Engineer: 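My structure is below; once you've seen it, I'll send some questions.
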There are 2 protein chains.
Amino acid sequence: MERTYSISDLAREFGVTPRTIRHYEDEGLLSPARDGQRRIYSARDRTRLALVLRGKRLGFSLAEAKEIIDLYAAPQGEAGQLRTMIGKLDEKRAVLEDKRRDLETSIANMDRYAERCRERLAELEADAREAAD
Amino acid sequence: MERTYSISDLAREFGVTPRTIRHYEDEGLLSPARDGQRRIYSARDRTRLALVLRGKRLGFSLAEAKEIIDLYAAPQGEAGQLRTMIGKLDEKRAVLEDKRRDLETSIANMDRYAERCRERLAELEADAREAAD
DNA sequence: GCTCAAGTTTACGTTAACGTAAACGTCAAA
DNA sequence: TTTGACGTTTACGTTAACGTAAACTTGAGC
């Protein structure tokens, strides 16, 4: 018996609205089980939701997030399927790597700039101490 | 005499349309000089555009990109201004750092998964060779 | 003087990603 | 048994980030 979640359980946990989660289902990103009308989310559903939201934070559209996430769920039966999957994984990995480079330049630039600010502030404070004497 | 750029120069270089660049101006992200009606972009304008586009690739909205970029252009006259600027820089840096963590987990997970795919493929190919004997 | 490529403004259109409201079902607690 | 709290579907509304079209100007080349 695995643990399950209601839609508002997940909404609370991830800081989104139930509407958002239903929207992801409309877009084919989630397909929870049902108890009558009610949606029942499994641990796998929860993981998929987490992946979607992480994708969004990294600047992917829902469609792009779906492409990536569906790779993890695809059947890996025969060798041909495995080879195309590995190819697609390499593509997506390259995109992520590009973003990482962008991100690292951004952080490095920001750090350099912040450092210059701190130096300038230190000078100003030294001047202020001199003037106080 | 610094080099300048027309709107379509920049559009070509960065793979966007002139409309996009004008839109960024409407949103206060760029403010090129003018020769009559015509927009003239300086090297600084070009850099700002590059920063905007990088921000977008990393999942920031235009408003968020503006917040960050404006920090770099803000006056750093007195000590108080410098201190608030350093504070804001630290905030933004934390956001970037979060994204980096997200990104690195994503890449690591993808690598692990791809590795499992490669192993599985190797097994299948070994089986195929055995069967051929 | 004409043409044409590239620029301009103005304004309405479009798409993604939800928000919001209405109208309804359901079930446990008071 | 009625009242919430939570769920559902349906459908129209909204915002960001441009696309697209129209109508106009302007400078370079023929």
Side-chain angles (χ1 to χ4, degrees), chain A residues 3-42 45-46 48-70 92 95 99 102, chain B residues 1 3-43 45-46 48-70 92 95 99 102:
Chain A
R3 166 143 198 217
T4 64
Y5 309 83
S6 76
I7 195 167
S8 50
D9 285 342
L10 294 186
R12 250 189 309 275
E13 176 176 358
F14 291 103
V16 299
T17 69
R19 174 66 174 98
T20 296
I21 300 183
R22 288 193 198 102
H23 180 61
Y24 294 167
E25 182 175 348
D26 287 343
E27 299 295 310
L29 290 159
L30 299 171
S31 39
R34 297 269 180 156
D35 170 25
Q37 293 253 80
R38 287 184 142 70
R39 279 166 251 255
I40 310 271
Y41 296 86
S42 68
D45 293 326
R46 199 187 89 124
R48 279 185 74 100
L49 176 56
L51 288 178
V52 173
L53 294 174
R54 194 163 68 194
K56 289 223 61 193
R57 285 196 301 271
L58 295 177
F60 291 104
S61 69
L62 292 184
E64 291 167 327
K66 181 174 160 54
E67 276 188 52
I68 297 180
I69 296 172
D70 282 349
K92 304 300 181 187
V95 176
K99 290 204 188 227
D102 272 344
Chain B
M1 279 298 176
R3 158 130 209 230
T4 65
Y5 309 83
S6 77
I7 195 167
S8 49
D9 286 343
L10 293 186
R12 249 189 310 276
E13 175 175 359
F14 290 104
V16 299
T17 69
R19 174 68 175 96
T20 296
I21 300 183
R22 289 193 198 103
H23 180 62
Y24 293 168
E25 182 174 350
D26 288 342
E27 299 295 312
L29 290 159
L30 299 172
S31 39
R34 297 270 179 156
D35 170 25
Q37 292 252 80
R38 287 183 142 69
R39 279 166 251 253
I40 310 272
Y41 296 87
S42 68
D45 293 325
R46 198 187 90 123
R48 278 185 74 99
L49 176 56
L51 287 178
V52 173
L53 295 174
R54 193 162 71 194
K56 287 223 64 191
R57 284 197 301 274
L58 294 177
F60 291 105
S61 70
L62 293 184
E64 291 168 327
K66 181 173 159 56
E67 277 187 52
I68 297 180
I69 295 171
D70 282 349
K92 306 298 179 186
V95 176
K99 291 203 188 229
D102 273 344

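Predicted model, so just to flag it, every value in this text is computed and none were measured. Lettering of chains follows the sequences in order, A, B, ..., and the numbering in each one begins at 1.
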Engineer: So which nucleotide from dC18(C), dC18(D), dT8(D) ends up closest to the side chain of H23(A)?
Structural biologist: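 Closest nucleotide to the H23(A) side chain: dC18(C).
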Engineer: Is R34(B) near enough to dT9(C) that one of its side-chain N or O atoms lies under 4.0 angstrom from OP1 or OP2?
Structural biologist: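 True: R34(B) side-chain N/O within range (under 4.0 Å) of dT9(C) OP1/OP2.
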Engineer: To the nearest Å, give me how far apart CD1 (I21(B)) and P (dA17(D)) are.
Structural biologist: 16 Å
Engineer: Between P on dT15(D) and CG on L62(B), what's the gap in Å once rounded to a whole number?
Structural biologist: 16 Å
Engineer: Spell out yes or no: do the side chain of R19(A) and the base of dG19(C) have one donor N/O and one acceptor N/O closer than 3.5 Å?
Structural biologist: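 Yes, the side chain and the base share a sub-3.5 Å donor-acceptor pair.
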Engineer: Is any side-chain N or O of S8(A) closer than 4.0 Å to OP1 or OP2 of dG7(D)?
Structural biologist: yes
Engineer: Separation of E25(B) atom CD from dC18(D) atom C1', in whole Å?
Structural biologist: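 Distance, rounded to whole Å: 15 Å.
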Engineer: Determine yes or no for a side-chain-to-main-chain donor-acceptor pair under 3.5 angstrom, with D45(A) supplying the side chain and S42(A) the backbone.
Structural biologist: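 Yes, the answer is positive, given that a donor and an acceptor are paired below the 3.5 Å cut-off.
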Engineer: Measure from OH on Y5(A) to P on dC6(D) and round the result to the nearest Å.
Structural biologist: 19 Å
Engineer: Is E27(B) paired with K56(B) through a side-chain N to carboxylate O contact shorter than 4.0 Å?
Structural biologist: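 No, this pair does not count.
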Engineer: Would you mind reading off the distance between D26(A) atom CG and dC12(D) atom P, rounded to a whole angstrom?
Structural biologist: 15 Å
Engineer: To the nearest Å, give me how far apart CZ (R22(A)) and P (dC6(D)) are.
Structural biologist: 13 Å
Engineer: Closer to the 5' end of DNA chain D via nearest nucleotide, is it K56(B) or R38(B)?
Structural biologist: K56(B)
Engineer: Does S6(B) make a side-chain N or O approach to OP1 or OP2 of dG7(C) shorter than 4.0 Å?
Structural biologist: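 Yes, because at least one side-chain N or O of S6(B) sits under 4.0 Å from OP1 or OP2 of dG7(C).
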Engineer: Any sub-3.5 Å donor-acceptor pair from S6(A)'s side-chain atoms to D9(A)'s backbone N or O?
Structural biologist: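 Checked: pair present.
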Engineer: Quick one: is T17(A) getting a side-chain N or O under 4.0 Å of the dC18(C) phosphate, OP1 or OP2?
Structural biologist: no
Engineer: Closest-nucleotide mapping onto DNA chain D: is D9(A) or Y24(B) further toward the 5' terminus? I mean the 5' end.
Structural biologist: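 Taking each residue's closest nucleotide, the earlier one in sequence belongs to D9(A).
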Engineer: Testing R19(A), R48(A), R34(A) one by one against E25(A) for a salt bridge (Lys or Arg N to Asp or Glu O under 4.0 Å), which residue passes?
Structural biologist: R34(A)
Engineer: Measure from CD1 on I40(B) to P on dG7(C) and round the result to the nearest Å.
Structural biologist: 10 Å
Engineer: So, for K92(A) and E67(A), which heavy atoms are closest and what is the spacing to 0.1 Å?
Structural biologist: NZ-OE1, 2.6 Å
Engineer: Over how many whole Å does the gap from K66(A) atom NZ to dA16(C) atom P extend?
Structural biologist: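 Going from K66(A) (NZ) to dA16(C) (P), I get 15 Å.
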Engineer: Between R12(B) and R39(B), which has a closest nucleotide on DNA chain C that is more 5'?
Structural biologist: R12(B)
